[in-house]
Colleague: 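Mind having a look at this structure? Questions to follow.
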Amino acid sequence: MTDKAPKSTETDPKDFRPEARAPRGFADKRASQIAAERRLITAVSKVYEDFGFEALQTSAFEYADALGKFLPDADRPNVGVFAVEDDADSEGKNGQWMALRYDHTAPLARFAAQNWDGLPKPFRRYAFGPVWRNEKPGPGRLREFMQCDADTVGTDRPEADAEIIALAVAGFKAAGLPAGSTVLKINNRKLLNGLLNSLGVVDAGQQMGVLRAIDKLDRLGLTGVELLLGGGRKDESGDFTKGANLNDAAIAAVLAFVAAGNAERSVVLDRLAAVLANSPEGMAGLDDLSRIGATLNGLGVGEADAIFDPSIVRGLEYYTGAVFEAELLLETRDEKGELVKFGSVGGGGRYDDLVARFTGEKVPATGFSFGVSRLAAALALTEAGKASPVRGPVVIIAFSDSDMGEYFKLASEIRAAGIPAEVYLGRSGMKAQMKYADRRLSPAVAMIGGDELANGTVTIKDLDLGREMAAEISDNKAWREGRPGQVTLPRQEAINHLKTIVKSL
RNA sequence: GCCGUCUUAGCUCACUUGGUAGAGCGCCAGAUUGUGGCUCUGGAGGUAGCUGGUUCGAAACCAGCAGACGGUACCA
């Protein structure tokens, strides 16, 4: 391959400099963001455990066939998921495709099917961790994000759905969201399926079209949905979206169905009963819904927290009954003051066929997924959630190479007192070291210079106090020599002083 | 995926219709040999997204590609 030699020095490998950037759709997280997500996960996990769900962690990768219908095919192995082909075997046969999980539900179905005989039933577990989707990223929409799920596998009782809803509501409260900032919207797939079947709309493609149209209600309004149910709709950019091609009577019925929401749960049930009178399947769904309502009443879940909304669709084809969607109502604005719409911060529903894909045995299941990353991002934009910055350690100033041992000894003593501490490990002078501590948002700096060493003392500078005092000093010399917030104390007293500084944070 | 807009320093953006780049902020240093802020002074940092074309000459004009943003579709 000598003809493939580099054409010039610019293609010489040793001159190649990769551009330092995160992959598209992936984001780095700094300490304060990690802390915010951890707080959410801890709070929500606690709620899940209080309700009796046990923790479960499964692998990031699953065999593609276990992930369901989104498995890659030969032509497009990566659409939707991040997939790799496992090593080929010794006979050179193709390896199996594996893909990163795109949610926690499909791995749960696999786990439940694999371990079914040994599990207590119904099996109730929660899981949290990153999931990955290989699709176009956007603001608030990354290709790697955190979810926290709870599911009940092995019961078809609507009460299980109601409990999952109550769990979600309690989870949002535990996450520190003010009352009224989220609402759980509940629907049931059987309602619309029943309605469509009773209207003679039985074509699968047509039914999907109806779901897609209804899903756009919040954005396009009733008139937009009407167009999409019929012939189709042309948007402002001139792009034409094909409609579901229903006849006028069917369109009217679907619109009446969709418009039945926006009222108390019991009122919505009454309205739906009128629309669905001709449909046995619809009435069955309605019965499920009313039992969910009764259980929610028993659990004390109010109308402000959970409502029935026939326009909720959820794209997932695997949902077979109840579906839930958590909508964030908080008004969030970005740094520029622009309104940011976060929309859905969680969702779920009943999927009665997922485990059966593996075992052939019908195992009903229901669950909810909490959108940790998106919720953390939303909270960060609210006053209450303004990321409290992560404070750094006490920084011990390194004056001279020969005394490093003494600095590390002090660091150990401070840590033993329960306070994070570190010795400055760079090679810069004192000024830079102070600046370093300032940037780390350290509560204090500890100094053992020649004077302190001779006297067995430590000098502690309270950086917050110093900052406050600095506001009134404009002369730099006065500021420096005044040493605001600084005291020199015998060693043990100095550590006690650090304790009081840290305690007041 | 489709349509549109955009891409100049780490960030936010300029550069009077083609004559090889500037500001603010940030960063580093000094004023201040053991003191973070303020102020002043200085400095580093750019093959103008990439590739090709037009031109004596391109950040600017044209084409392709990549990326970002907005809309739309899809969304487990």
Side-chain angles (χ1 to χ4, degrees), chain A residues 10 19-21 23-25 62 67-71 76 79-81 99-107 109 131-139 141 143 147 149 208 211-212 215-216 219-220 224 228 232-242 313-319 335-336 338 343-344 347-349 351 354 367 369 392 395 397-400 424 428-442 444-453 459-486 488:
Chain A
E10 69 192 7
E19 190 192 343
R21 80 275 190 217
R24 184 169 131 79
E62 293 283 345
L67 283 178
K69 63 177 204 55
F70 295 94
L71 78 162
R76 314 189 304 165
V79 171
V81 297
L100 285 171
R101 64 182 177 221
Y102 52 77
D103 69 7
H104 290 293
T105 309
V131 301
W132 297 267
R133 296 183 187 180
N134 188 4
E135 57 190 19
K136 179 183 158 187
R141 185 167 176 153
R143 300 204 285 179
Q147 290 197 328
D149 274 51
M208 277 304 294
L211 291 181
R212 275 197 284 266
D215 199 27
K216 295 183 177 60
R219 196 153 40 83
L220 303 179
L228 285 173
R233 173 176 176 276
K234 187 180 262 191
D235 65 48
E236 312 84 59
S237 73
D239 213 19
F240 185 75
T241 311
K242 261 180 29 189
V313 171
R314 305 284 305 160
L316 274 183
E317 268 179 75
Y318 61 59
Y319 290 128
E335 314 78 53
K336 291 173 187 160
E338 309 263 349
S344 170
Y351 48 98
L354 264 193
S369 176
V395 171
I397 302 291
F399 287 101
S400 95
Y424 176 79
S428 299
M430 169 120 193
K431 188 183 169 80
Q433 298 191 38
M434 292 299 295
K435 202 164 175 173
Y436 172 80
D438 191 46
R439 277 204 187 162
R440 291 293 305 275
L441 275 179
S442 297
V445 157
M447 289 172 261
I448 309 179
D451 298 346
E452 289 87 350
L453 210 51
T459 295
I460 302 295
K461 179 161 191 153
D462 182 334
L463 291 178
D464 288 357
L465 183 58
R467 216 185 328 265
E468 265 173 52
M469 296 168 81
E472 281 135 46
I473 307 170
S474 62
D475 177 59
N476 180 265
K477 192 168 182 184
W479 139 259
R480 237 169 359 108
E481 290 176 356
R483 302 194 167 168
Q486 189 166 322
T488 300

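Numbers restart at 1 for each chain; the letters A, B, ... are given by sequence-line order, proteins then strands.
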Colleague: Looking at A/Arg133, is its backbone amide N or carbonyl O close enough to the side chain of A/Arg143 to form a donor-acceptor pair, meaning the two atoms are under 3.5 Å apart?
Modeller: no
Colleague: Just name whichever nucleotide pairs with B/G64, Watson-Crick or G-U, keeping both distances under 3.5 Å, else none.
Modeller: B/C50
Colleague: Taking atom types as they are modelled, is there a donor-acceptor pair under 3.5 Å from the base of B/U32 to the side chain of A/Lys477?
Modeller: no
Colleague: Under 4.0 Å, heavy atoms only, any strand: does A/Gly450 hit a base, just the sugar-phosphate, or nothing?
Modeller: base
Colleague: Which whole-number value in Å describes the distance from A/Asn134 CG to B/C74 C1'?
Modeller: 13 Å
Colleague: Would one find a side-chain N or O of A/Trp479 under 4.0 angstrom from OP1 or OP2 of B/U39?
Modeller: no
Colleague: Roughly how many Å apart are B/G43 and B/U55, using the C1' atom of each and rounding to a whole number?
Modeller: 38 Å
Colleague: Using Watson-Crick or G-U wobble geometry with both distances under 3.5 Å, which nucleotide pairs with B/G45?
Modeller: none
Colleague: Please name the nucleotide paired to B/U12 by Watson-Crick or G-U wobble geometry with both distances under 3.5 Å, or report none.
Modeller: B/A23
Colleague: Looking only at side-chain atoms of A/Asn476, point me to the closest of B/U35, B/G37, B/C74.
Modeller: B/G37
Colleague: Taking the basic N atoms (NZ, or NE/NH1/NH2) and the acidic carboxylate oxygens, is any pair closer than 4.0 Å for A/Arg467 and A/Asp464?
Modeller: yes
Colleague: Could you give the CG-to-P distance, from A/Asp462 to B/G36, as a whole number of Å?
Modeller: 16 Å
Colleague: Determine the interatomic distance between C1' on B/G1 and the same-named atom on B/U16; round to the nearest Å.
Modeller: 42 Å
Colleague: Take A/Ile460 and A/Val445, measure what side-chain contact (heavy atoms from CB on, under 4.5 Å) needs, and give me the verdict at the end.
Modeller: CA-CA 6 Å; A/Ile460 302 295; A/Val445 157; over 6 Å; no
Colleague: Counting heavy atoms from C-beta on, name the nucleotide in B/C74, B/G34, B/U35 closest to the side chain of A/Arg212.
Modeller: B/C74
Colleague: Indicate yes or no: at least one non-hydrogen side-chain atom of A/Ile448 is less than 4.5 angstrom from one of A/Phe399.
Modeller: no
Colleague: Write down the distance between CG (A/Leu211) and C1' (B/A73), rounded to a whole number of angstrom.
Modeller: 16 Å
Colleague: Just by distance, do the side chain of A/Gln433 and the backbone of A/Ser428 share a donor-acceptor pair under 3.5 Å?
Modeller: yes
Colleague: Given the P atoms of B/A59 and B/U54, what is the spacing between them in whole Å?
Modeller: 16 Å
Colleague: Using a 3.5 Å distance criterion without hydrogens, assess whether the side chain of A/Glu452 forms a donor-acceptor pair with backbone atoms of A/Gly449.
Modeller: yes
Colleague: In whole Å, what separates the P atom of B/G22 from that of B/A31?
Modeller: 30 Å
Colleague: Is A/Lys431 close enough and on-axis enough to A/Trp479, meaning under 6.0 Å and within 45°, for cation-pi?
Modeller: no
Colleague: For B/G1, which nucleotide is its Watson-Crick or G-U wobble mate, given both distances must be under 3.5 Å?
Modeller: B/U72
Colleague: Checking all strands, does A/Lys242 fall into the base, sugar-phosphate, or nothing category for heavy-atom contacts under 4.0 angstrom?
Modeller: nothing
Colleague: A/Ser428 or A/Thr459: which one's nearest nucleotide on RNA chain B is closer to the 5' end?
Modeller: A/Ser428
Colleague: Can you check the distance between B/G37 and B/G46, where both ends of the measurement are the P atom (answer in whole Å)?
Modeller: 26 Å
Colleague: Which part of the nucleic acid, if any, lies within contact of A/Gln147, taking any heavy atom under 4.0 Å across all strands shown: a base, the sugar-phosphate backbone alone, or nothing?
Modeller: nothing
Colleague: Does A/Lys431 have a side-chain nitrogen or oxygen under 4.0 Å from the phosphate oxygens OP1 or OP2 of B/G34?
Modeller: no
Colleague: From CG of A/Asp438 over to P of B/G26, roughly how many Å is that when rounded to an integer?
Modeller: 13 Å
Colleague: Can you tell me which nucleotide in B/A73, B/C75, B/G34 comes closest to the side chain of A/Arg219?
Modeller: B/A73
Colleague: Measure from CD on A/Glu468 to C1' on B/G37 and round the result to the nearest Å.
Modeller: 13 Å
Colleague: Would you mind reading off the distance between A/Gln433 atom CD and B/U32 atom P, rounded to a whole angstrom?
Modeller: 20 Å
Colleague: Counting Watson-Crick and G-U wobble pairs only, both distances under 3.5 Å, name the nucleotide matched with B/A58, or none.
Modeller: none
Colleague: Nearest-nucleotide wise, let me know which of A/Arg133 and A/Gln486 is further upstream toward the 5' end of RNA chain B.
Modeller: A/Gln486
Colleague: Within the 4.5 Å heavy-atom criterion, are A/Tyr102 and A/Trp132 side-chain neighbours or not?
Modeller: no
Colleague: I need the CZ-C1' distance between A/Arg439 and B/C27, as an integer number of Å.
Modeller: 7 Å
Colleague: Could you tell me how far B/U51 sits from B/A66 if I compare only their C1' atoms? Round to whole Å.
Modeller: 10 Å
Colleague: Among B/U35, B/C28, B/G34, find the nucleotide with the atom closest to the side chain of A/Arg480.
Modeller: B/U35
Colleague: So if I take every side-chain heavy atom of A/Lys435 and compare against B/C75, B/G36, B/C74, which nucleotide ends up nearest?
Modeller: B/G36
Colleague: Write down the distance separating the C1' atoms in B/U8 and B/C13, rounded off to the nearest Å.
Modeller: 9 Å
Colleague: Give me the distance, rounded to whole Å, that separates B/A63 from B/C3 when you measure between the P atoms they each carry.
Modeller: 15 Å
Colleague: Take the protein atom CZ of A/Arg467 and the nucleotide atom C1' of B/G36, then report the distance between them rounded to whole Å.
Modeller: 8 Å
